[in-house]
Amino acid sequence: MNKSISGKKDGKKIDLQSLTLYIGTIVILLIFTIACRIAGKDFLTVRNIQNVITQSAVIAVIAIGQSIVILTGGIDLSVGSVVGFVGILGGLMIKAGMPIGLACLIIIAVGVLVGAVNGSILSRGKVPPFIVTLGTMQIIRGLTMVLNSGKPISGFPDGLKAIMNTKILGMPISILYVFVLYAVMILIMNKTRLGRWIYSIGGNAKASKLAGIRTNRIETYAYIICGAFAAIGGILLLSRLSYADPNAGSGYEMDAIAAVVIGGIAMSGGKGNIGNTLVGALILGMLKCGLQILNVPVYFQTIIIGLAIITAVYFDKSKERKAE
């Protein structure tokens with residue numbers, strides 16, 4: 001199948017994909033509602049809905065950046081390590097008396113720096129994204145342990161807690177953060193040249209280069225965006241827990257990738273709707289919340305989520321084969 005330079009699907013296909021995703025969400029909701037009712041428990045409660053939203057917020061934010069990278073045909077395995085690193089770094093700065101706002105800006109700058117390093121190495125050195133980000137994942141995780149000798153940090157001021165633990169009209173403020181961040185990125189991806197170029201590179205990198213697009217630079221921008229969103233996710237996690245753990249963020253890279261894949265963005269790049277990544281993150285959150293309510297052992301939860309990822313990829317590839 002020849003890929004177009006833009007790499008985007010036509011509107012009808014995107015709508016069909018979204019419809020399938022939304023139907024799947026409703027089916028999962030019904031399954032857990034019925035299963036929990038049989039087990040004598042409630043799934044559709046205000047508290048559970050708030051838990052799903054709050055727990056999904058961090059992954060949903062990290063998944064925005066991961067979506068951008070995957071749309072270029074790449075992948076970033078370092079995002080979970082960035083979450084842990086900026087948590088400890090931010091914790092040290094805030095405990096030292098630095099204003100929370102300034103600490104947050106430095107944290108985001110660190111995420112941008114990590115993304116710039118990842119993007120520069122893979123785009124200029126032509127090193128596979130998997131290898132580059134696997135390496136930086138290990139380096140950053142090691143640096144996290146060095147920062148505070150592997151010790152957690154607690155006892156933060158209330159101002160930090162308020163970032164995530166404030167409620168608006170009885171609902172977590174995380175809803176506002178996620179809505180605004182997704183709205184901004186959807187606008188960028190659909191209405192700007194940067195968004196079109198990102199789709200273009202994922203659709204056909206060689207054709208994009210021949211068309212005059214500076215593919216190396218755009219790939220680097222994609223990883224910078226990814227690093228920034230990983231850092232924002234780290235801030236949100238630090239605020240929600242009010243506790244900086246050097247092991248925080250472990251496995252978050254896989255959850256972010258899962259949200260992207262479940263949301264229908266093709267791992268080969270160039271295809272998908274970034275807005276659906278949010279739905280993917282919420283589905284992942286529902287799965288975890290529902291399985292916990294049903295007291296399903298953690299190892300079985302991992303198996304079920306893994307099966308969900310494989311199923312999502314299988315159906316995506318099946319549609320690609322039919323299109324051919």
Side-chain angles (χ1 to χ4, degrees), residues 47 49-66 78-115 140-141 143-185 224-253 255-256 259 278 281 285 288-289:
R47 184 179 178 182
I49 292 171
Q50 290 182 345
N51 285 339
V52 169
I53 292 170
T54 302
Q55 292 175 13
S56 300
V58 175
I59 295 301
V61 169
I62 298 170
I64 296 174
Q66 192 71 259
S78 68
V79 292
S81 295
V82 170
V83 169
F85 180 78
V86 300
I88 292 294
L89 178 63
L92 290 172
M93 291 189 293
I94 293 169
K95 290 288 283 187
M98 181 179 290
I100 294 172
L102 179 58
C104 289
L105 289 175
I106 293 174
I107 285 172
I108 295 172
V110 169
V112 168
L113 178 61
V114 172
I140 296 168
R141 185 62 68 183
L143 288 174
T144 304
M145 295 299 175
V146 170
L147 271 182
N148 199 43
S149 303
K151 299 176 182 177
I153 306 171
S154 59
F156 295 112
D158 292 338
L160 178 65
K161 299 176 185 178
I163 293 175
M164 271 291 277
N165 296 316
T166 301
K167 290 189 176 181
I168 299 176
L169 300 176
M171 294 299 290
I173 195 172
S174 54
I175 295 175
L176 178 62
Y177 297 145
V178 171
F179 175 79
V180 171
L181 291 173
Y182 268 89
V184 169
M185 287 311 300
I224 287 173
I225 293 170
C226 189
F229 276 107
I232 294 171
I235 294 171
L236 297 181
L237 182 65
L238 178 62
S239 171
R240 179 163 69 86
L241 300 178
S242 194
Y243 181 82
D245 187 339
N247 293 310
S250 179
Y252 276 28
E253 61 280 347
D255 283 347
L278 174 57
K288 290 184 177 183
C289 182

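Computed from a prediction, not measured in an experiment: that's the story for all the values here.
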Given side chains that start at C-beta, do those of [X] and [Y] come closer than 4.5 Å, heavy atoms only?
X    : Y    : result
V86  : I235 : no
K288 : I59  : no
I232 : Y177 : no
I94  : P157 : yes
V114 : F85  : no
S174 : L236 : no
N148 : P246 : no

Straight-line distance of [X] [atom1] to [Y] [atom2], nearest 0.5 Å:
X    : Y    : atom1 : atom2 : result
L238 : F156 : CG    : CZ    : 5.0 Å
N247 : I88  : CG    : CD1   : 9.0 Å
T144 : D245 : OG1   : CG    : 10.5 Å
C289 : R47  : SG    : CZ    : 10.0 Å
L89  : I106 : CG    : CD1   : 7.5 Å
E253 : Q66  : CD    : CD    : 8.5 Å

Quick check: closest heavy atoms across [X] and [Y], and the distance to 0.1 Å?
X    : Y    : answer
M93  : I107 : CE-CG1, 4.1 Å
V83  : A230 : CG2-O, 3.5 Å
S56  : G285 : OG-CA, 3.4 Å
A244 : G87  : CB-O, 3.5 Å
V58  : G233 : CG1-O, 3.6 Å
M164 : T54  : CE-O, 4.3 Å

| task | Output yes when a side-chain donor or acceptor of S239 lies under 3.5 Å from a complementary backbone atom of L160, and no otherwise. | result | yes

| query | Is the backbone N or O of V82 less than 3.5 Å from a side-chain atom of Y252, with the two atoms forming a donor-acceptor pair by type? | reply |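 No.
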
